[in-house]
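Counting convention: from 1, in listed order, for ligands and their atoms alike.
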Amino acid sequence: MGDMATIRNIVILTGAGISAESGLRTFRAEDGLWEDYPVEQVATPEGFARDPELVQRFYDARRAGVLAAQPNPAHEALARLDREWGGGLLIVTQNIDDLHERAGASRVLHMHGEALSVWCTACDARHRWDGSLLGGPACPACGAASMRPDIVWFGEMPYRMEEIFAALAQADLFVSIGTSGAVYPAAGFVQQAASHGAHTIELNLERSQGSGFFDESRLGPASELVPAWVAEVLGR
Ligand code: APR
């Protein structure tokens with residue numbers, strides 16, 4: 001851990017691994033989501049155009065899973081950090097669940113969208129949505145039956161990248177939690193932060209594809225590693 005006195009601004013990147021112990025499946029493990037569903041069919045604009053019902057069913061299932069899940073000690077620890085850390089903090093999550101928010105964190109940025117948000121392609125409005133999108137329900141704003149999951153699919157631009165790069169440029173500490181480092185641009189954030197002088201730490205069940213870029217790599221379940229790391233950063 002770098003000299004704590006010089007740590008002001010922290011950027012945290014989370015991935016599916018932080019929600020694994022809440023019962024939400026990750027993508028690339030042997031029982032991962034992408035083993036059951038070809039990415040091209042359920043997580044690309046082309047797949048949605050080809051078979052919208054398949055895609056709506058896939059995200060209906062994700063939405064239901066998120067609503068049934070509960071935050072785990074890792075989410076709760078980051079919420080504690082959000083409450084008690086006086087410096088800058090941004091939790092950039094690749095996850096589409098709302099477990100960070102339900103644990104109490106507020107400085108959260110969903111770069112890949114959110115399972116509980118839907119996007120009307122007719123009027124561009126976004127709505128909180130807990131139910132199904134099958135059968136083309138009417139957009140509450142414009143009435144069109146044109147709503148899709150508010151998810152960033154492969155080939156689409158992740159959300160709020162300017163804000164993320166600005167935070168990485170100011171970061172004194174960058175911590176990556178529960179991500180395989182397989183998907184860009186998120187997988188490149190560690191190098192971005194390091195190039196601006198940040199100390200970088202990886203907290204993950206196993207070494208990720210980007211482990212070599214980190215100053216420090218701690219291996220284990222997020223529910224154990226994250227509370228311990230937060231206690232260390234807060235000095236208690
Ligand atoms: N604690 C900590 N880490 C864990 C745990 C756990 N309990 N369980 C799994 N992991 C780790 C795995 O070792 C793996 O490195 O979490 C990582 C999950 O990797 P992926 O399944 O690839 O998920 P993620 O990195 O979030 O994927 C990134 O890819 O498919 C796209 O948009 C999707 O946001 C996703 C992005």
Examine the proximity of ligand 1 to [X] and report which part, side chain or backbone, both or neither, has a heavy atom under 4.0 Å away.
X      : result
Glu21  : side chain
Ala182 : neither
Trp153 : neither
His112 : side chain
Leu205 : both

Without hydrogens or angle criteria, can the side chains of [X] and [Y] be said to hold a donor-acceptor pair below 3.5 Å?
X      : Y      : answer
Thr179 : Gln94  : yes
Glu202 : Ser176 : no
Asn72  : Ser223 : no
His100 : Thr14  : yes
Thr6   : His199 : no

Open item on the list: Both conditions, 6.0 Å and 45 degrees, for the charged tip of Arg62 above the ring of Phe58: are they met here?
Closed with: yes
As an exercise, identify every atom of ligand 1 less than 4.0 angstrom from a heavy atom of [X].
X      : result
Ala20  : 8 (N)
Gly15  : 26 (O)
Glu206 : 12 (C), 13 (O)
Phe27  : 21 (O), 23 (O), 27 (O), 30 (O), 33 (C), 35 (C)
Pro221 : 1 (N)
Gly178 : 3 (N), 16 (O), 17 (C), 18 (C)
Ala222 : 1 (N), 2 (C), 6 (C)
Gly220 : 1 (N), 2 (C)

Quick one: look up the protein heavy atom nearest [atom] and list residue, atom name and how far away it is.
atom                    : result
atom 30 (O) of ligand 1 : Trp34 NE1, 2.8 Å
atom 28 (C) of ligand 1 : Gln94 OE1, 3.4 Å
atom 26 (O) of ligand 1 : Ala16 N, 2.8 Å
atom 5 (C) of ligand 1  : Gly17 O, 3.5 Å
atom 24 (P) of ligand 1 : Thr179 OG1, 3.8 Å
atom 15 (O) of ligand 1 : Asn204 ND2, 2.9 Å
atom 27 (O) of ligand 1 : Arg28 NH1, 3.0 Å

For ligand 1, find out whether one of its N or O atoms is nearer than 3.5 Å to an N or O atom of [X].
X      : answer
Ser208 : no
Val183 : no
Ala29  : no

How long is the straight-line distance from [atom2] of [Y] back to [atom1] of [X], given to the nearest 0.5 Å?
X      : Y      : atom1 : atom2 : answer
Asn95  : Ile18  : CG    : CD1   : 7.5 Å
Leu109 : Met161 : CG    : CE    : 9.5 Å
Leu205 : Ser180 : CG    : OG    : 12.0 Å

In plain terms, say whether [X] and [Y] are close enough for a salt bridge, that is, a side-chain N and a carboxylate O under 4.0 Å apart.
X      : Y      : answer
Arg218 : Glu216 : yes
Arg128 : Asp130 : yes
Glu53  : Arg57  : yes

Task: Among Tyr59, Trp153, Trp119, the one residue meeting ring pair (Phe, Tyr, Trp, His ring centres under 6.0 Å) with Phe48 - done: Trp153
TODO: Might you work through the salt bridge (charged side-chain N to carboxylate O under 4.0 Å, His left out) test for Asp82 and Arg107, ending with a clear yes or no?
DONE: CA-CA 7 Å; Asp82 193 339; Arg107 295 183 269 187; 2.9 Å; yes
